[in-house]
2 protein chains.
Amino acid sequence: MTDQKNQSIGLTAVSSAESDAILCKSCTLDSLCHPKSVQPHTLEILDKVLSRGVRYSKGEYLFHQGEPFDAVYAVRSGSLKTYVVTSNGQEQITNFYFATEMTGLSGLNMSIYPVSAVAMETTTVCKIPFAKLEELSLQIPELRESIYGTIGKELHNFEEMMLTLSKKNADERLATFLMNLSCRYKKRGYSASSFRLTMSRNEIGNFLGLAVETVSRVFSKFQKQQFIKVEGKEIQLLKPDRLSEISGNASSLDDIKITQ
Amino acid sequence: MTDQKNQSIGLTAVSSAESDAILCKSCTLDSLCHPKSVQPHTLEILDKVLSRGVRYSKGEYLFHQGEPFDAVYAVRSGSLKTYVVTSNGQEQITNFYFATEMTGLSGLNMSIYPVSAVAMETTTVCKIPFAKLEELSLQIPELRESIYGTIGKELHNFEEMMLTLSKKNADERLATFLMNLSCRYKKRGYSASSFRLTMSRNEIGNFLGLAVETVSRVFSKFQKQQFIKVEGKEIQLLKPDRLSEISGNASSLDDIKITQ
DNA sequence: CGGCGGCTTGACTGGTATCAAGTACCGTGG
DNA sequence: CCACGGTACTTGATACCAGTCAAGCCGCCG
C-alpha cells in the first residue's frame, strides 16, 4: 500500500498531487463543473471566489452544528462526515462525503448549520461562500443548474437512506452501503470492486443504525459466503451482483443499470 | 396578529372555502411568500404562472416515481404523502405534506421524480412549473431565497428523520412524530394540542419504520399514561412536555423553545 | 515492548415483528 | 333504515433479529 492510493480517493485524476495551487480549470468537481455545460471562462470566474485547497487534518471541523451558515464545501480530496446531535447527546452520522461531492447544503438559507462536518482523514476542500455562489449563479446559469442537481441528488439520497434505515435488515443495510460506495468510487474513476474504507466500523454502524458488533458480524458472514474479502479497512467485492440483490436497491443501479 | 401572517398560514384564513379562484395575493404560502420579503407585485407575477387550486381526490397522484420532473407543488389545503419503492416492491413513505408545504423538490434538476406523491384526502395544490420558477427567480430574488429556505428545511428534516429511524425506539419515534405534527399545525394557526391525523396507523408505521401493531400499542400506552387522548384519528396531547422529553428531540423545540 | 483503541466473536437479552384473533368503523347496497 | 362486508384498528402470544455485555485478539504508536 504505497497508500498514495488514497490520495487516490482524492483527485488523482485531477492532478497527481494535492497541490493547493490547482485551479478550478483543472478540477473536475462534477457537482460544480459539469464538463458538458461549463465554459472555460466559468471556471476562471470560479477561481476568483473560491478558497481552493483548504486543508483539514483528521478530526478537524469544517463547521459545527449551530454555527452561522455562510458557505458550502466541495471536497477535493480525502473524506469527511456530517452528523447531527440530539438534546440527549446521541449522534447520527447523516452522510459521508468524498472527492467531488458537496456538503453543507442543509444550511441553505437557514441561519445556522444544522449539522457538524468533520474530516475523517487529511482532506482538502474548496470553500464556497454562499453569497458569492449566488452572485455568480446570476452570471452563470449552468452553475445554478449544477447546484440544483446537487441538491436534488442529496434529497433523493436522504430519501433512499430513510428507506434503508426503516425497512432493511442488517445484511441488506451493509450490502446497500457497500454498493453505494462502489458506485461512488467507480464514478470518479476508481475501482468499483476494491477500495479502502475511510471510516471505522463504529462510524458505519452509526450511519446505518447498527451496533458495531453487528457490522463486524455481517462483514464476517459476507466474507464466509465469499461475497466480499475484508482485510481491515480494505474491501474487495467478489460478487457485486449478489450484494446488489441483497441490497434490494434499485437506486444503486440508477447510474449503472447492471440488471434489467 | 392582525398581520397577514398567521391567519395567513393556514389556508383556512386565506379563504373560508376552497375556492379555486383564490389569487396568490391572498395566499401566504410561507414557503413561497415570506411576508417580510415579498412585495405585492411579486404575488401578482406568481399569479400568472401558477396553476392555482388544482384539486386531487384521496388516492390521486400528483406525480409518479419515474415520471419526468417538471414542477414542484405547494399544498394549499389537505395533505399528501410521498414515497419511494424498491426493486422488490417495498414502500417507504418519505414525508407527509400539509398546507403551505412544498413537495417535489427531490426531483430538482434530475430528469425524473424519484418519489411518488399521492393525496391522502381531498387536497388542493399550486402547481409551479420549475422552468417558470427559475425565470421568475431572476426577477424576484426573494423568491429564490424562499426556495432555498424550503430546500434547507427539507434537507434538515430528512437528516432528523435519519436520526429518528436509526437511533430511537418505538416510544421515542411516536413522540417525535406527534410533536412534529403539533409544531406544524401550530405554525399554521391550528391547535398544537388537538388535531386530526390525516394518515392511517399503517402509514404512520411505514413512515416511522414500525409495524402497525406497534404504533397501536404505543398509542394505547401513551393514553394509559395520560400523555395523550386517542379517539380514532383524533389526537389530544395532554402532556406535550412529557412527549417532547420522550422524543429526545432538540429540533421539535427549534422554533418554539419550550424548554431551556 | 507495552498499552490502548479498534475490531471480532460468543452468550444472552430484549424490543419489536410476526402471527393470530377479535372488535370497531365505514361505505355500500339492499 | 339496516344488513353486510371489508378495512382499519386493537390486543395478546410467540419468535427472532439485533443490541448489550463480556472477553479476547489484532494492530498501531509511542
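First the proteins, then the strands, lettered A, B, ... as listed; each starts at 1.
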Exercise. Sugar-phosphate means primed atoms, P, OP1 and OP2; the rest is base. With that split, encode nucleotides 25-30 of chain D 5' to 3' as B, S or - using protein heavy atoms under 4.0 Å.
Key: ------

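Following rounding to the nearest Å, A:M120 (CE) and C:dG6 (P) show an atom-to-atom distance of 15 Å. Atom CG in A:L174 sits roughly 16 Å away from atom P in D:dC17 (whole-Å rounding). Nucleotide D:dA8 holds its C1' atom 16 Å from the CD atom of B:E231, rounded to whole Å.
Checked against the 6.0 Å centroid threshold, A:F98 and A:Y185 count as a close aromatic pair. Here B:Y73 and B:F63 bring their ring centres to under 6.0 angstrom of each other.
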Exercise. Check the pair A:K58, A:E121 against salt bridge (Lys or Arg N to Asp or Glu O under 4.0 Å), reporting the backbone distance first and the verdict last.
Key: CA-CA 4 Å; A:K58 179 173 179 166; A:E121 58 187 320; over 6 Å; no

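DNA chain D is contacted by B:S200, B:R201, B:N202 of residues 198-208 of chain B, taking any non-hydrogen atom closer than 4.0 Å. For the contact set between residues 161-173 of chain B and DNA chain C, defined by any heavy atom under 4.0 Å, the members are B:N169, B:A170. Scanning residues 209-226 of chain B for heavy-atom distances under 4.0 Å to DNA chain D yields B:E213, B:S216, B:R217, B:S220.
A salt bridge is defined here as a Lys NZ or Arg NE, NH1 or NH2 lying under 4.0 Å from an Asp or Glu carboxylate O, and A:E203 with A:R201 fails to meet this definition.
No side-chain donor-acceptor contact under 3.5 Å links B:S191 and B:K186. A donor-acceptor pair shorter than 3.5 Å cannot be found between the side chains of B:S200 and B:N202. A donor atom on one side chain and an acceptor atom on the other are found under 3.5 Å apart for A:H64 and A:E67.
Legend: salt bridge (charged side-chain N to carboxylate O under 4.0 Å, His left out) pairs involving residues 170-185 of chain A, not counting sequence neighbours, sorted by first then second residue: A:E101-A:R184, A:D171-A:K221.
Every residue meeting the side chain to side chain contact (heavy atoms under 4.5 Å, CB included) condition with B:S182, not counting sequence neighbours, appears here in chain and number order: B:A192, B:F195, B:L237.
Counting heavy-atom neighbours within 6.0 Å of A:K127 NZ, excluding the residue itself, gives a total of 12 or less.
At the phosphate of D:dC9, OP1 or OP2 sits under 4.0 Å from a side-chain N or O atom of B:K233.
Remark: the backbone N or O of B:N157 is not paired with any side-chain donor or acceptor of B:E160 at under 3.5 angstrom. Of the possible polar contacts, one joining the A:Q92 side chain to the A:N206 backbone as a donor-acceptor pair under 3.5 Å is found.
Going from atom OG1 of B:T82 over to atom CZ of B:F207 covers 8.5 Å, rounded to the nearest 0.5 Å.
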